[in-house]
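Here is the structure we will look at, set down as structure tokens.
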Amino acid sequence: MLIEQEIFKKININAFQNDLIAWFKNEQRDLPWRKDQDPYKVWVSEIMLQQTRVDTVIPYFNRFIDWFPTIDDLAEADEDKVLKAWEGLGYYSRVRNLQSAVKEVREKYNGEVPSTPKEIAELKGVGPYTAGAILSIAYGIPEPAVDGNVMRVLSRILSIWEDIAKPSSRKVFEQAVRELISHEDPSSFNQALMELGALVCTPTSPSCLLCPVREHCHAFFEGVQNELPVKTKKTKTRDVQLTAAIITDTTGKFLIHKRPANGLLANLWEFPTVEIHHPMQIDREQIVTLFNKTLDLDIELEQIIGQIDHVFSHLVWNMKVYTGTITAKFQETNEWKLVSFEEMKEYAFPVPYQKMFKLYQSI
DNA sequence: TAATCGTGGTG
DNA sequence: TCACCAAGATT
């Protein structure tokens, strides 16, 4: 790669490290996962923080560590309870991978989180960023931990015009970190880059006048901090038409269904739902038939109580919500359960179904 | 590589 | 209202 030669010329590495780390030690936020360096807690926090804001993560992290204080606690827990701990956080495969990886750590590494790049990167759900974050923060090993913050900050400081939306450009920034990282305190260095990105070197209108490494910043020198980083975008969401129903039996219990183990919202619970492919040419009777045939049920729909629109990363759900009743003897299975209001609280429901139940309660 | 995988905050 | 965003990984 040709870029390293330039990096050495542009930056006084020692002064940059010192200014950055000194700022971090003074200004870092007091966060629950910074109270110690327990590799398990660092790991949990890094998984939670993937694509998720710090303020959102804090209460989830505290409750998760309360429920599962150690690797053994998480490894032995029921998946339904683990998912319940993650309910509302999103990207649920993160926590299923985490539990799977924790079990592997217990079996292969005697319960100790491995401390080599190769071994840690093999764990489920641990990609290049998370591997570097755990190695540097928990073990003090000078490995790059390149997330969106780091790419933004370094694209400005080093004036790197790579498109950070391209997966291939991450390695450019990893190489940059390898040239710049403090070997005396890699933990503070990596965290400082991210903290700077979160607090000062923000995506829009960065606070350059407050920046501790302003004098090292090529973009600030050239006045192009608002043009960096280069990031192409593409977002096309598709609409999905669904009909879902709150179905009760004669005792007032609710019919719930466990979603498939793969794909969207895997292994979470939902109220019975069918997809409507051609909403213009379907009547109520056909919807009932669709429920009974698709879901192998025997139910009757009562009335529409409203509509829930929910936006995911790559699609939008338009859910028509009905109430309904069970019209025949019902047999519980692993995927189908009839639960009381109190029992329902033990099951993890994704947000659209939480919205749906609130709608039901409001009528 | 591009698509998939959630949610809540923000300008 | 809506595009964009936030400590990415997997397929």
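By convention in this document, chain letters (A, B, ...) are assigned in the order of the sequence lines, proteins followed by strands, and residues within each chain are numbered from 1.
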5'-most contact on DNA chain C (nearest-nucleotide basis), Glu46(A) vs Asn97(A), goes to Glu46(A)
The answer to which of Ile137(A) and Ala121(A) contacts DNA chain C further toward the 5' end, by nearest nucleotide, is Ile137(A)
Restricting to pairs with a member in residues 196-211 of chain A, which pass side-chain hydrogen bond (donor to acceptor under 3.5 Å, both in side chains), not counting sequence neighbours? none
Taking atom [atom2] of [N] as reference, at what distance in whole Å does atom [atom1] of [X] sit?
| X | N | atom1 | atom2 | value |
| --- | --- | --- | --- | --- |
| His314(A) | dT10(C) | NE2 | C1' | 13 Å |
| Leu98(A) | dG8(C) | CG | P | 16 Å |
| Ile120(A) | dA9(C) | CD1 | P | 12 Å |
| Ile308(A) | dT7(B) | CD1 | P | 13 Å |
| Ile47(A) | dG6(B) | CD1 | P | 15 Å |
| Phe312(A) | dG8(B) | CZ | P | 11 Å |
| Leu123(A) | dG8(C) | CG | C1' | 16 Å |
| Ile164(A) | dC5(C) | CD1 | C1' | 11 Å |

With a non-hydrogen cut-off below 4.0 angstrom, is [X] in contact with a base, only sugar-phosphate, or nothing?
| X | answer |
| --- | --- |
| Arg259(A) | nothing |
| Leu265(A) | sugar-phosphate |
| Trp33(A) | base |
| Ser45(A) | nothing |
| Thr130(A) | sugar-phosphate |
| Lys166(A) | nothing |
| Gly263(A) | sugar-phosphate |
| Arg170(A) | nothing |

Is any side-chain nitrogen or oxygen of His310(A) closer than 4.0 Å to OP1 or OP2 of dT7(B)? yes
Can you tell me if Arg152(A) touches the phosphate of dA6(C), counting only side-chain N or O atoms and a distance under 4.0 Å to OP1 or OP2? yes
Could you check Tyr91(A) against Lys236(A) and say which one's nearest nucleotide on DNA chain B is further toward the 5' end? Lys236(A)
Hey, which sits more toward the 5' end of DNA chain B by its nearest nucleotide, Pro167(A) or Val311(A)? Pro167(A)
Charged N-O contact under 4.0 Å between Lys118(A) and Glu122(A): yes
Arg34(A) bridged to Glu195(A) by N-O distance under 4.0 Å: yes
When you compare dC5(B) with dA6(C), how far apart are their P atoms, in angstrom units rounded to a whole number? 23 Å
Provide the distance between the two P atoms, one in dA9(C) and one in dG8(B), to the nearest whole Å. 22 Å
Any idea how His310(A) and Phe312(A) line up, ring-wise: parallel (<30°), tilted (30 to 60°), or perpendicular (>60°)? perpendicular
Classify the ring geometry of Phe341(A) against Phe357(A): parallel below 30°, tilted from 30° to 60°, perpendicular beyond 60°. parallel
Ignoring hydrogens and angles, answer whether the base of dG6(B) and the side-chain atoms of Ser313(A) contain a donor-acceptor pair closer than 3.5 Å. yes
Can you check side-chain contact (heavy atoms from CB on, under 4.5 Å) on Leu290(A) and Ile276(A), steps first, answer last? CA-CA 9 Å; Leu290(A) 196 57; Ile276(A) 310 295; 3.7 Å; yes
Are more than 12 heavy atoms, taken from residues, nucleotides or ligands other than Asp36(A), located less than 6.0 Å from that residue's CG atom? yes
Nearest-neighbour nucleotide for the Ser168(A) side chain, dA9(C), dT1(B), dG6(B) considered: dT1(B)
Do any N or O atoms from the side chain of Asn18(A) and from the backbone of Asn14(A) form a donor-acceptor pair under 3.5 angstrom? yes
Spacing of Ile21(A) atom CD1 and Gln191(A) atom CD [to the nearest 0.5 Å]: 10.5 Å
Sorted by number, residues from residues 49-60 of chain A placing a heavy atom under 4.0 Å from DNA chain B are Gln51(A), Thr52(A), Arg53(A)
